[in-house]
Amino acid sequence: MARRADPLGWGNPPLLILGSLAEGPKHGYAIIKDVREQAGITLGPGTLYAALSRLEAQGLVEGLPGEERRRPYRITAAGAALLAERLAEMSRFATIGLSRLSAGVVR
């Protein structure tokens with residue numbers, strides 16, 4: 001997985017994939033493109049399909065019938081619930097961190 005130069009990288013492939021699929025069903029290349037546009041992170045095919053396989057085994061995404069080599073995936077209700085929970089946690093963390101930084105403690 002190629003990432004932007006960032007020593008504090010936050011990209012978690014399963015989280016990024018669920019976030020992409022929250023918009024609607026997508027095939028692999030569309031997920032890669034969406035994640036790159038939204039998060040600045042490029043998932044390699046091996047990373048993507050390994051994560052999709054794990055997410056599918058956990059019931060968080062499901063594969064849909066595809067055309068030729070393109071197989072779309074969609075997020076399940078369980079995947080959407082987990083994504084909402086994780087994003088709420090990240091939002092709380094971001095809010096607290098930004099508040100602490102704006103308090104001027106770090107100079």
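Atoms considered below: every heavy atom in the structure, side chains included; atoms not considered: hydrogens, waters and symmetry mates.
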Might you point out which heavy atoms bring Arg74 and Leu21 nearest each other, and give the distance in Å? C-CD1, 4.2 Å
In terms of heavy-atom contacts, Pro13 and Ala51 come closest through CB-CB, 4.3 Å
Does Lys26 reach the main-chain N or O of Tyr73 with its side chain, forming a donor-acceptor pair under 3.5 Å? no
NE2 on His27 to NZ on Lys33, rounded to 0.5 Å: 9.0 Å
With Ile32, the side chain to side chain contact (heavy atoms under 4.5 Å, CB included) member among Leu16, Thr47, Leu48, Ile41: Leu48
Rounded distance [0.5 Å steps], CZ in Arg86 versus CG in Leu83: 9.5 Å
Should we count CD of Gln58 as having more than 12 external heavy atoms under 6.0 Å? yes
Work out which heavy atom in Ser20 is nearest to a heavy atom in Val35; give both atom names and the distance. CB-CG2, 4.2 Å
Do Glu62 and Arg71 meet the salt-bridge criterion of a basic N to acidic O distance under 4.0 Å? no
What are the two closest heavy atoms between Tyr49 and Tyr29, and how far apart are they? OH-N, 4.4 Å
Which heavy atom of Arg54 sits nearest a heavy atom of Pro14, and at what distance? NH2-CG, 4.5 Å
Mind checking the CG-CG spacing from Leu18 to Leu15? Nearest 0.5 Å is all I need. 7.0 Å
Quick check on the hydrophobic clustering: are Leu64 and Ile31 connected, directly or via other members, by side-chain heavy-atom contacts under 4.5 Å? no
Does any N or O in the side chain of Thr76 come within less than 3.5 Å of the main-chain N or O of Leu60, such that one atom is a donor and the other an acceptor? yes
Determine, step by step, whether Ile17 and Leu43 satisfy the side-chain contact (heavy atoms from CB on, under 4.5 Å) criterion, reporting the C-alpha distance in whole Å, the side-chain angles of both residues, the deciding distance to 0.1 Å, and the verdict. CA-CA 9 Å; Ile17 292 166; Leu43 299 175; 4.0 Å; yes
What heavy-atom pair brings Ser99 and Ser102 nearest, and what distance separates the two atoms? O-OG, 3.0 Å
OG1 of Thr42 to CD of Glu37: how many Å apart, nearest 0.5 Å? 10.5 Å
